[in-house]
Structures are given as C-alpha cells and as structure tokens.
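Every number for a ligand or one of its atoms is a count from 1 in the order of the listing.
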Amino acid sequence: MTEVPEHLLKRSKDRRTSLDGGTPAADAAPAAESAPIEKATASAAAAPAAVVPAAVPEPVPPYVEAAIKRKKIPIWAIPVLAFLPLWAVMYIGGLSPAASGEPSQLATGATIYTAYCASCHGAAGGGGVGRAMNEGNLVKTFPDILGQLEFVWIGSNGTGPAGTPYGDPAREGGQHKTLSYNGNPMPNFDKSLSQAELLAVVRYEWETLSDGKTTVDAEGNMTYADGKPMLNAAGELITPEGTPLFDPAGKLTIQPNWTMPVGSPS
Ligand code: HEC
C-alpha cells in the first residue's frame with residue numbers, strides 16, 4: 001500500500017476544514033462523513049459569520065435557457081393541431097379516386113349534354129339553333145334509339161346531302177330531312193365522343209329530355225329490350241348479336257325498327 005505523504009494529508013484536512021465553515025470541531029463529528037452536504041449547509045447556516053462564498057447558482061445550460069425563452073404554442077393552435085390528423089386522413093382519402101363513385105351512365109349523359117349539346121338544343125332540350133327534344137319530340141323522330149345513335153355520330157352531313165330523310169318515315173308531322181330545320185347542320189360527334197359517351201348522351205336526351213323508356217342492367221347501363229348489352233368490354237356499341245353496331249362510315253349495320261311503339265327501347 002502506498003503511503004500518503006504527510007503534506008497531502010494536511011492539505012486535505014485544511015480544505016475540509018474550510019468547507020465545513022471553519023469549524024474544525026464539526027470535522028470530528030462522525031455524521032459529517034456520511035452526510036457531508038447536509039453538514040455543510042447546516043454549519044453554513046449555523047455560522048453565518050464565517051467567510052463562505054455565497055453558493056453560486058449553477059449556470060443555466062444554454063439548451064435549458066433556449067427552452068425557457070422559446071415561444072409557447074398559442075392557445076388557438078391547440079384545436080388546429082388536434083384536427084391535423086383528421087385532415088390528413090381526409091386529404092389522403094381525397095387523393096385516391098372514389099372506389100365505386102363513378103357517375104352512372106345517365107349522369108354522364110347529362111354532363112356531356114351540358115358540355116356539347118345544350119348550347120344549341122337548350123338546357124332542358126327546348127330547342128334553339130338545334131331542334132327541340134322535349135315533350136316527346138325526339139322519340140317521335142327516333143322511336144328506335146338506334147337511329148338517334150347514328151344521327152348524332154355522323155351528323156346531318158354524314159347522313160346525306162341536304163334534304164336526306166332520317167328517322168321514322170311515318171313521323172307525326174312528317175319525316176325529318178337534313179338541313180330542314182333552319183338550314184344549319186347537326187354536327188357529327190364521331191371525332192369528339194367515345195361510343196360509350198355517345199350512348200350516354202343519346203340515352204339522356206331520349207330518356208330524360210324526351211320521356212323514352214329504357215331497360216338497364218344491374219349497373220344502370222342501358223341494354224337492348226331483351227337485356228343484351230349495347231356496349232362490349234372495350235366500350236364499343238354492338239348489335240344484339242355482338243357485332244359492331246356501326247360500319248366504318250358510321251352507318252348502322254342493322255335496320256332500326258321504326259314500327260316499334262314510340263319511346264320503347266330497341
Ligand atoms: C352547333 C349547334 C348544335 C350542337 C352543338 C348540337 N346540335 Fe343537334 N342539331 C342541331 C341542328 C341545327 C339540328 C337540325 C339538323 C338538320 O336539320 O339537319 C340538330 C338536330 C339534332 C337531332 C335530331 C332531332 C330531330 O328530331 O330531328 C338530334 C338527335 C341531335 N341534334 C342531337 C344532338 C346531340 C346529342 C348533341 C350533343 C352531343 C347535339 N345535337 C349538339 C344543332 C346542334
């Protein structure tokens with residue numbers, strides 16, 4: 001064991017004496033060894049006269065100081081913060097397309113009508129630059145909706161030169177002829193609409209504006225009267241036999257049935 005030099009022992013003793021507030025007697029108390037800090041405080045209080053440097057407050061670490069000085073969250077922000085997770089859920093939900101929220105065929109038709117047809121035929125089909133469709137006018141021209149599909153697809157000029165008859169030959173008031181309304185042609189829509197969109201808008205005019213009767217499948221899409229689909233999986237118009245409804249020129253590949261009761265589906 002190493003011997004502690006005498007002068008070091010003395011220095012240590014002196015130092016302890018000064019810490020104890022200059023009361024060498026306290027140093028002898030056994031309690032002083034087990035609880036030196038309590039002892040130091042107690043003796044400092046007991047001997048105020050002693051020259052004890054006033055307990056210097058621990059310097060506040062800079063990070064604590066920053067935390068104290070930092071602005072607190074204002075009260076109004078609490079509800080804002082509380083709703084943040086809810087908004088996050090709503091925002092993410094809004095990004096993904098609605099699962100089954102696709103508009104129905106008829107609703108799609110209404111949208112297309114407003115965008116492409118209402119300017120000439122009137123918001124409710126009352127007519128204007130284009131012929132009136134309301135009050136059964138349209139189903140009188142086309143008791144079979146197939147004829148209307150063709151007329152809208154290729155327009156007046158695709159149907160034939162001025163004066164070409166179209167629609168029901170036995171129409172009440174006389175069969176309609178191209179460019180006979182006010183001399184203006186009905187535009188063709190084979191370039192601007194898909195065949196599925198054509199069916200949607202034609203169905204909307206025929207059913208909603210002109211009171212035609214339709215049969216629909218479970219999804220609400222129009223079918224032939226016997227329940228056969230009018231569109232194939234690719235969204236193209238087909239005959240009840242499943243062949244294309246239009247030839248390359250946009251003319252019907254099957255004859256419309258002009259003798260069917262007015263306003264009933266093909
Ligand atoms: C630029 C004006 C204009 C727009 C747009 C227009 N039409 Fe027409 N439409 C006419 C005119 C004009 C006629 C009459 C054609 C004729 O006399 O040859 C007509 C006739 C028709 C007819 C025949 C009605 C009948 O009883 O003879 C149908 C059906 C029709 N339009 C459907 C539509 C649909 C569907 C749209 C939208 C996808 C549309 N039209 C957009 C001007 C327009």
Side-chain angles (χ1 to χ4, degrees), residues 103-214 216 221-222 224 230-231 235-237 245-246 249-252 254-266:
S104 70
Q105 188 177 53
L106 208 50
T108 302
T111 306
I112 297 169
Y113 181 83
T114 305
Y116 289 95
C117 323
S119 57
C120 289
H121 289 280
V129 175
R131 283 186 181 272
M133 303 181 167
N134 58 355
E135 295 167 354
N137 275 304
L138 191 59
V139 295
K140 282 184 199 151
T141 308
F142 301 108
D144 187 336
I145 198 172
L146 297 183
Q148 193 197 339
L149 285 168
E150 182 193 74
F151 190 74
V152 176
W153 194 238
I154 59 180
S156 300
N157 293 331
T159 300
T164 305
Y166 65 88
D168 184 4
R171 190 194 195 281
E172 177 195 309
Q175 188 176 18
H176 281 178
K177 296 183 171 70
T178 57
L179 312 194
S180 68
Y181 173 59
N182 57 6
N184 287 318
M186 159 67 191
N188 57 304
F189 283 90
D190 55 351
K191 304 289 187 291
S192 41
L193 295 180
S194 70
Q195 293 192 7
E197 290 169 333
L198 172 72
L199 177 62
V201 69
V202 161
R203 180 188 162 195
Y204 172 78
E205 292 179 342
W206 202 71
E207 177 179 330
T208 304
L209 299 182
S210 199
D211 305 323
K213 302 282 168 290
T214 57
V216 293
N221 295 322
M222 186 178 175
Y224 287 101
M230 297 187 74
L231 295 167
E236 287 152 356
L237 286 161
L245 184 65
F246 294 141
K251 299 260 188 182
L252 289 173
I254 50 173
Q255 265 309 111
N257 177 9
W258 299 128
T259 62
M260 68 179 9
V262 165
S264 52
S266 306

Does [X] have any side chain to side chain donor-acceptor pair (under 3.5 Å) partners at least two apart in sequence or in another chain, and if so, which?
X      : result
Ser266 : Asp144
Thr111 : none
Gln195 : none

task: Flag the pair Phe246 / Trp153 as yes when their ring centroid distance falls below 6.0 Å, and as no otherwise.
output: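 That pair passes the under 6.0 Å test.
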One pair per line, please: each N/O atom of ligand 1 matched with every protein N/O atom under 3.5 Å away, atom names first, then the distance to 0.1 Å.
residue  : atom   : partner : partner atom : Å
ligand 1 : 7 (N)  : His121  : NE2          : 2.7
ligand 1 : 9 (N)  : His121  : NE2          : 2.8
ligand 1 : 17 (O) : Leu179  : N            : 3.3
ligand 1 : 17 (O) : Ser180  : N            : 3.4
ligand 1 : 18 (O) : Ser156  : OG           : 2.7
ligand 1 : 18 (O) : Leu179  : N            : 2.7
ligand 1 : 26 (O) : Thr141  : OG1          : 2.7
ligand 1 : 26 (O) : His176  : ND1          : 3.3
ligand 1 : 27 (O) : Tyr166  : OH           : 2.6
ligand 1 : 27 (O) : His176  : ND1          : 2.8
ligand 1 : 31 (N) : His121  : NE2          : 2.9
ligand 1 : 40 (N) : His121  : NE2          : 2.8

Is there a side-chain contact between Tyr116 and Leu193 (heavy atoms, below 4.5 Å)?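 In short, these two side chains touch, coming nearer than 4.5 Å.
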Does a side-chain heavy-atom distance below 4.5 Å link Asp168 with Thr141?
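The answer is no, as the side chains (C-beta and beyond) never meet within the 4.5 Å cut-off.
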